[in-house]
Amino acid sequence: MKLLKDILYKCSIDEMAGNTHLAIEKITFDSRAIVKHTLFIAIKGTLSDGHEYIDKAIESGANAIVCEELPAQLNEDVTYIKVKNSAETLGIVASNFFDNPSSDLKLIGITGTNGKTTVASLLHQLFLLLDKKAGLLSTVQILVNKEVHPATHTTPDPITINSYLRKMVDEGCKYCFMEVSSHGLVQNRVSGLEFDGAAFTNITHDHLDYHKTFTEYIHAKQMLFTGLSKKAFAVINVDDRNANKMMEKSSAKLYSYALKSGADYKTKILESQLNGTLLSINNQEVWTQLTGDFNASNLTAVYAIADLLGLEHLQLLTAISTLKPVTGRFQYVISKAKVTAIVDYAHTPDALKNVLSTIGKLRTGNEKVITIVGCGGDRDKTKRPEMARIAAELSNQIIITSDNPRTEDPEEILNDMEAGLDPSLKAKSLRISDRQIAIKTANTLAQPGDIILIAGKGHETYQDIGGVKHHFDDMEEIKSLFKESHT
């Protein structure tokens with residue numbers, strides 16, 4: 001239980017009606033979750049406006065309301081707090097309600113189109129290997145040390161974030177590595193958090209269904225760095241052409257990393273194989289179990305962040321050599337007949353190109369590359385033809401199929417993808433909307449030595465069709481097929 005006046009600390013308040021010496025037992029922005037003595041934060045969302053549920057919240061037991069517009073009729077038993085931005089206020093309120101847990105952790109935020117999950121997950125894995133207590137907030141899962149919790153969003157809402165950060169602090173965690181999405185930044189989900197550091201991996205074509213323009217998307221990512229204090233550090237991938245935009249308005253101490261450019265943390269790829277890569281990071285050699293240029297870049301970010309957090313170099317390199325690939329990120333399995341299947345989350349044009357380019361470098365002879373690729377429904381449509389084109393240009397055979405069609409007609413999504421294929425590329429493509437049949441077909445087509453790439457869903461264990469989630473796991477599917485055939 002907290003007093004309302006303490007929960008409102010640091011909030012910018014325009015107007016107030018009522019008493020702030022109220023006992024608050026719960027905070028929420030969901031009117032369905034009200035209990036007695038609840039502070040209800042009315043947020044204007046994309047689908048609904050919380051202001052429409054203020055009366056319902058009060059009827060259910062809310063004794064305080066944060067809102068951007070005061071109701072015409074005020075209840076004398078309720079305290080009303082008018083603010084300019086309820087979503088931003090929610091973040092501050094949530095931090096206060098949970099006793100500002102981010103100030104008791106070394107909180108590191110990682111943003112970028114691709115690589116967020118890998119960098120955050122590898123950092124968490126690395127710190128546990130070195131007996132450091134740490135938490136993880138990621139797309140794949142939330143971890144409090146080794147305790148697993150399901151993840152529903154890349155960046156959860158502020159109440160969820162702060163409740164987990166509090167749990168991390170209570171369980172002795174000293175560090176937390178957190179994916180920070182562009183949606184989360186624009187929607188103020190990280191408002192009120194104190195970041196000790198942040199990293200930028202890259203920015204490429206994605207989420208234009210939400211941000212509308214690439215400029216808006218860049219600005220969203222930039223918000224993480226403009227919000228850093230002078231005490232914090234920022235680690236920037238200067239191989240990305242928009243790196244300077246992330247740095248230009250940041251007060252943080254700036255550090256660069258790169259594979260191709262001059263940087264504070266510079267990596268060279270000395271040798272690359274399917275089962276790993278030999279790297280030179282700042283002139284120190286290390287063998288890693290991860291594969292590909294993109295993973296070399298991700299590991300450089302991991303090294304830089306761990307170094308800036310004070311880990312000893314030799315200890316750090318030793319731990320890097322034992323890191324395991326992240327679930328659904330260039331995760332591979334080989335059948336007895338030597339057919340290789342790679343499952344990867346690549347769901348953007350750049351990520352798909354990176355994965356296929358890596359596969360191209362690993363090819364040793366006449367093996368074929370068969371790529372299964374789809375695009376999500378109710379998401380950025382402009383990338384669909386580009387995804388199909390990239391897949392076809394860099395593969396011997398492609399099968400365009402469903403990803404998560406959500407509420408869209410799967411066949412219409414495939415039509416959008418096929419629009420990116422000229423006649424020569426279309427000649428080496430198949431169209432199979434059923435993802436299970438698409439994977440089975442690729443397996444039937446594959447000969448010993450061939451490589452099957454199953455792109456787009458990675459770690460996901462479901463397929464969203466018509467708004468209903470059905471169990472579906474790409475790796476599970478291909479492993480089952482490998483047992484039935486190629487034996």
Check the side chains of Asn237 and Thr201 for a donor-acceptor pair under 3.5 angstrom, ignoring hydrogens and angles.
-> no
Does Ser95 use its side chain to pair, donor to acceptor, with the backbone of Asn100 at less than 3.5 Å?
-> no
Would you please test Met246 and Ile218 for side-chain contact (heavy atoms from CB on, under 4.5 Å) and show each step?
-> CA-CA 8 Å; Met246 300 300 143; Ile218 290 171; 3.9 Å; yes
Any donor-acceptor pair under 3.5 Å from Ser191 side chain to Glu88 backbone | yes
Value for OG (Ser402) from CD1 (Ile372), rounded to nearest 0.5 Å, stands at 12.5 Å
Straight-line distance of Leu270 CG to Leu278 CG, nearest 0.5 Å | 4.5 Å
Strictly by modelled atom types, are Asp473 and Thr461 linked by a side-chain donor-acceptor pair under 3.5 Å?
-> no
Distance-minimising heavy-atom pair for Gly365 and Glu367 | N-OE1, 2.7 Å
Could you tell me which residues satisfy side-chain contact (heavy atoms from CB on, under 4.5 Å) with Ser102, sequence neighbours excluded, listed by chain and number?
-> Leu107, Leu165, Leu193, Glu194
Can you tell me if Asp464 uses its side chain to pair, donor with acceptor, with the backbone of Lys469 under 3.5 Å?
-> no
Give the intermediate values and the outcome of side-chain contact (heavy atoms from CB on, under 4.5 Å) for residues Tyr303 and Thr267.
-> CA-CA 10 Å; Tyr303 180 90; Thr267 291; over 6 Å; no
The side chain to side chain donor-acceptor pair (under 3.5 Å) partner of Ser181 among Thr139, Thr113, Thr155 is Thr155
State whether the side chain of Lys440 and the backbone N or O of Gln436 hold a donor-acceptor pair below 3.5 Å, judged by distance alone.
-> no
Cation-pi, Phe177 ring and Lys106 (6.0 angstrom, 45 degrees) = no
Output for pair (Phe482 CZ, Met475 CE), nearest 0.5 Å, gives 9.0 Å
Where do Tyr175 and Leu309 land on the side-chain contact (heavy atoms from CB on, under 4.5 Å) test, with the steps shown first?
-> CA-CA 9 Å; Tyr175 307 88; Leu309 288 173; 4.1 Å; yes
Using a strict 4.0 Å threshold on nitrogen-to-oxygen distance, state whether Arg435 and Glu477 make a salt bridge.
-> no
Ala306 to Leu123 - nearest heavy-atom pair and separation | N-CD2, 4.3 Å
Heavy-atom pair of closest approach, residues Ile320 and Thr288 = O-OG1, 4.3 Å
Check: Ile439 main-chain N/O paired with Asn443 side-chain donor or acceptor under 3.5 Å = no
Taking the side chain as every heavy atom from C-beta outward, state whether Lys245 and Phe200 have any atom pair closer than 4.5 Å.
-> no
Examine distances only and state if a side-chain atom of Asp450 and a backbone atom of Ile370 form a donor-acceptor pair shorter than 3.5 Å.
-> no
Rounded to the nearest 0.5 angstrom, the CG-OG distance for Leu299 and Ser321 is 11.0 Å
Any donor-acceptor N/O pair, Lys268 side chain to Ile281 backbone, under 3.5 Å = no
Asn366 atom CG: more than 12 heavy-atom contacts under 6.0 Å = no
Using a distance-only test with no angle check, is there a side-chain donor-acceptor pair under 3.5 angstrom linking Thr111 and Lys221?
-> yes
Using 4.0 Å as the upper bound for N to carboxylate O, is an ion pair formed by Asp293 and Lys361?
-> yes
Taking all heavy atoms of Leu228 and all of Ala198, pick out the closest pair and write down the distance.
-> CD1-CB, 3.9 Å
Is the shortest heavy-atom distance from the side chain of Leu105 to the side chain of Cys173 under 4.5 Å?
-> yes
More than 12 heavy atoms of other groups within 6.0 Å of Lys428 NZ = yes
Look at Arg384 together with Asp416 and state whether they make a salt bridge at an N to O cut-off of under 4.0 Å.
-> yes
When you look at Asp422 and Arg389, which way does the salt bridge (charged side-chain N to carboxylate O under 4.0 Å, His left out) test go after all the steps?
-> CA-CA 8 Å; Asp422 64 28; Arg389 178 185 58 77; over 6 Å; no
To the nearest 0.5 Å, what is the distance between OH (Tyr332) and OG1 (Thr340)?
-> 8.5 Å
Side-chain donor or acceptor of Thr401 paired with backbone N/O of Ile432 under 3.5 Å | yes
Backbone N or O of Glu147 within a donor-acceptor pair of the Asn145 side chain at under 3.5 Å?
-> no
CD1 of Ile400 to CG of Leu414, rounded to nearest 0.5 Å, is 5.0 Å
With side chains defined as the heavy atoms from C-beta onward, is the minimum distance between Thr358 and Phe294 less than 4.5 Å?
-> yes
Check the side chains of Asn415 and Arg431 for a donor-acceptor pair under 3.5 angstrom, ignoring hydrogens and angles.
-> yes
After noting the C-alpha distance and the side-chain angles of Arg406 and Arg379, does the key distance pass the side-chain contact (heavy atoms from CB on, under 4.5 Å) rule?
-> CA-CA 9 Å; Arg406 300 184 178 89; Arg379 298 291 187 270; 3.4 Å; yes
Taking atom types as modelled, is there a side-chain donor on Glu460 or Asn404 under 3.5 Å from an acceptor on the other?
-> yes
Report, as yes or no, whether the 6.0 Å neighbourhood of atom NZ on Lys368 holds more than 12 heavy atoms from other residues, nucleotides or ligands.
-> yes
Short side-chain donor-acceptor distance under 3.5 Å, Thr348 and Asp350 | no
Residue list, salt bridge (Lys or Arg N to Asp or Glu O under 4.0 Å) with Asp30, at least two apart or on another chain | Arg32
Do you know the tightest heavy-atom contact between Phe233 and Leu308?
-> CD1-CD1, 3.7 Å
Ignoring hydrogens and angles, state whether a donor on the side chain of Arg189 or His183 is under 3.5 Å from an acceptor on the partner side chain.
-> no
Nearest heavy-atom neighbours spanning Ala134 and Phe127 = CB-CB, 4.2 Å
Is there a donor-acceptor contact under 3.5 Å from the side chain of Ser357 to the main chain of Asn354?
-> no
